[in-house]
Structures are given as structure tokens and as C-alpha cells.
Amino acid sequence: MVAADGGKPRRITNDPRGDMIPSWSHDGFWIYFSSDRSGQYQAWKVPKDGGEPVQVTRSGGYATFESPDGKYLYYDKFSQPGLYRMPAQGGEETQIVQADPPAGAFPSFGVTSKGVYFVSDALSDARAIQFLDTDRK
């Protein structure tokens, strides 16, 4: 990690496996990332100043982003179709989009205060950006 104002890069995880696709929590205290340190890709989080990572998902998680209000985590699953949501404080996951993401397009979604934009090519040969109003989910 590098501070926004520059400086020397600082490592915040120390597992030899691939920790990737970092994203910040809405409050700036946590960094979410994807890792296969448990044997399959799962979502993890670590305090912004480093420390012991905490596994967030249990049935797969890749490319994790928190909602702007901090209530939910949105993520996809490596090599599995769909987009998922779970409470940021823990709980059951819900598949909110069933469409296949385009091959090799990670992450294939963006979380906003209005909902989730996602890329899908499941309905045709062309990729399309679609919107999901998450207030209705």
C-alpha cells in the first residue's frame, strides 16, 4: 500500500499466496481483498494499518466492494456466474444477479449509492452494461 500523498510502499498482508483486487471500506478502516489462502478464493479484510486478516466469505468471494453506506458487501465468485451480496457485518449471502460475467472481466461490476452496474454478455454476443436497483433487492 502507498499513502495517497506518496511515500514508500508498505506491505499490509504477509501470506505467500496471491492477495489481490483490494478495495476500501466506506469508513476507510478496512481493506477488502481476494485471496486463495484458504484453498479457494474468498473475500478477506485487513485493518488499514495492517494486522491479522479476517475471512469474510465462506462459499467463495472475489472482487469485493462495500456499499457506500457500509451496509453490504458485493462480490462475484471466481469462475462462477453471478453477483452476490451479504451484510457487511456478516450473515447469509444472496445471489442478486444470475448472469454470467464476461470471461476475463474482473471486476465486472461497480457499486454506487443508487445500485449496482454490471457487465453481462449472457443475453447476447455483445456485452451490455446493466443496472440493478439494490433498494429493491
Side-chain angles (χ1 to χ4, degrees):
M1 178 172 71
V2 177
D5 58 357
K8 184 178 176 184
R10 184 171 51 93
R11 186 171 182 88
I12 58 168
T13 63
N14 59 7
D15 194 278
R17 295 182 193 252
D19 296 341
M20 59 188 75
I21 312 177
S23 67
W24 287 94
S25 64
H26 81 288
D27 60 12
F29 291 114
W30 293 94
I31 300 172
Y32 293 98
F33 63 96
S34 177
S35 179
D36 62 352
R37 61 179 65 202
S38 66
Q40 84 176 95
Y41 281 107
Q42 300 288 348
W44 293 74
K45 67 180 181 178
V46 65
K48 69 177 172 107
D49 295 323
E52 197 61 36
V54 176
Q55 186 173 340
V56 177
T57 59
R58 300 285 176 212
S59 61
Y62 195 77
T64 304
F65 296 93
E66 193 176 83
S67 62
D69 61 9
K71 291 182 180 179
Y72 294 101
L73 299 178
Y74 294 88
Y75 53 96
D76 57 18
K77 295 185 179 186
F78 190 75
S79 301
Q80 292 180 356
L83 182 61
Y84 298 82
R85 176 173 92 169
M86 69 179 284
Q89 299 303 314
E92 296 296 316
E93 73 178 15
T94 303
Q95 186 175 14
I96 60 170
V97 174
Q98 295 182 357
D100 292 334
F106 293 106
S108 59
F109 65 96
V111 180
T112 72
S113 61
K114 303 286 184 192
V116 177
Y117 289 90
F118 63 98
V119 177
S120 175
D121 60 2
L123 301 176
S124 69
D125 290 334
R127 292 182 178 175
I129 296 175
Q130 298 181 30
F131 177 75
L132 175 68
D133 181 350
T134 54
D135 286 338
R136 293 203 244 169
K137 279 282 177 193

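The shown structure was predicted, so the numbers you read here are calculated from the model rather than taken from an experiment. No hydrogens, no waters, no symmetry mates; every other heavy atom, side chains included, goes into these values.
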Taking the side chain as every heavy atom from C-beta outward, state whether Pro47 and Trp30 have any atom pair closer than 4.5 Å. yes
Under 3.5 Å side-chain donor-acceptor pair for Tyr32 and Glu66: yes
Indicate the ring-plane relationship of Tyr75 and Tyr84, choosing parallel, tilted or perpendicular according to the 30° and 60° boundaries. parallel
Look up atom CD1 in Ile31 and atom OG1 in Thr64, then write down how far apart they are to the nearest 0.5 Å. 13.5 Å
Looking only at heavy atoms, what is the nearest atom pair of Ile21 and Ala63, with distance? CG2-CA, 3.8 Å
Answer yes or no: is there a donor N or O on one side and an acceptor on the other, between the side chain of Ser34 and the main chain of Met20, under 3.5 Å? no
Smallest heavy-atom separation, Gln42 atom then Gln55 atom, equals CG-NE2, 3.5 Å
Please determine whether residues Val46 and Trp24 belong to a single hydrophobic cluster, defined as Ile, Leu, Val, Met, Phe, Trp and Tyr linked transitively by side-chain heavy-atom distances below 4.5 Å. yes
Minimum-distance pair of heavy atoms, taken over all atoms of Pro53 and Trp44: CB-CE3, 3.8 Å
What are the two closest heavy atoms between Pro68 and Ser113, and how far apart are they? CG-N, 3.6 Å
What's the verdict on side-chain contact (heavy atoms from CB on, under 4.5 Å) for Thr57 and Met86, showing C-alpha distance, side-chain angles and the deciding distance? CA-CA 9 Å; Thr57 59; Met86 69 179 284; 3.9 Å; yes
If you look at every heavy atom in Val56 and Leu73, which pair is closest and at what distance? CG1-CD1, 3.3 Å
Which heavy atom of Ser35 sits nearest to which heavy atom of Asp19, and what is that distance? OG-OD1, 2.7 Å
Are side-chain heavy atoms of Arg85 and Tyr74 found at a separation under 4.5 Å? yes
